[in-house]
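Here the structure is a predicted model, which is why all the values come from computation and not from measurement. The figures here come from the full heavy-atom set of this structure, side chains too, leaving out hydrogens, waters and symmetry mates.
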Amino acid sequence: MQTQTQCTDSTPTPNEPQVDNDRLITADEVRRLAGGISDMTLWRWIKLGITPAPLVIERRRYWWRSAVVASLTHAGRANAEQL
């Protein structure tokens, strides 16, 4: 008789959706997380690599919230994790 082992690794595979409350957010939310910056500042930060480039879905910009928080934390905006 064969026994089945259950995988306990919690890392998602590339085909699995992201969990941990990760979601797509708009530019307004990105700017709020960054401390109320302007749209022009957000554009500059994207060009400088401070924040990740957006995903464009039907001509609208979206970001993964976890990627934005990680980039802001790395850039020295540690309070972004609390928002």
Side-chain angles (χ1 to χ4, degrees):
M1 183 186 283
Q2 292 181 342
T3 59
Q4 293 181 347
T5 58
Q6 192 172 20
C7 182
T8 59
D9 187 14
S10 63
T11 56
T13 62
N15 295 332
E16 289 181 9
Q18 299 239 349
V19 287
D20 299 330
N21 294 327
D22 197 12
R23 59 187 173 90
L24 291 175
I25 59 174
T26 63
D28 287 339
E29 253 184 291
V30 173
R31 293 192 336 253
R32 185 182 61 77
L33 284 172
I37 63 171
S38 70
D39 201 41
M40 188 58 153
T41 298
L42 177 59
W43 181 82
R44 287 183 186 123
W45 286 8
I46 293 167
K47 294 295 179 192
L48 292 172
I50 296 170
T51 58
L55 301 169
V56 179
I57 302 172
E58 294 189 15
R59 293 185 283 165
R60 295 182 186 207
R61 301 177 300 167
Y62 297 96
W63 287 260
W64 285 109
R65 187 180 192 285
S66 63
V68 171
V69 169
S71 67
L72 293 175
T73 302
H74 180 72
R77 299 218 173 227
N79 62 343
E81 290 181 29
Q82 299 168 359
L83 300 174

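V30 has its side chain out of reach of W45: every pair of non-hydrogen atoms, C-beta onward, lies at least 4.5 Å apart.
In this structure T41 satisfies the side chain to side chain donor-acceptor pair (under 3.5 Å) test together with S38, sequence neighbours excluded. Legend: residues meeting side chain to side chain contact (heavy atoms under 4.5 Å, CB included) with L48, ordered by chain and number and at least two apart, are I50. Partners of L55 by side chain to side chain contact (heavy atoms under 4.5 Å, CB included), not counting sequence neighbours, listed by chain and number: L24, W64. With sequence neighbours excluded, the residues forming a salt bridge (Lys or Arg N to Asp or Glu O under 4.0 Å) with R61 are D39, listed by chain and number.
The two residues L33 and I25 make their nearest non-hydrogen contact at CD1-CD1, 3.7 Å. The two residues W63 and P52 have their closest heavy-atom pair at NE1-O, 2.8 Å.
Distance CD/E29 to CZ/R23: 4.5 Å, rounded to 0.5 Å.
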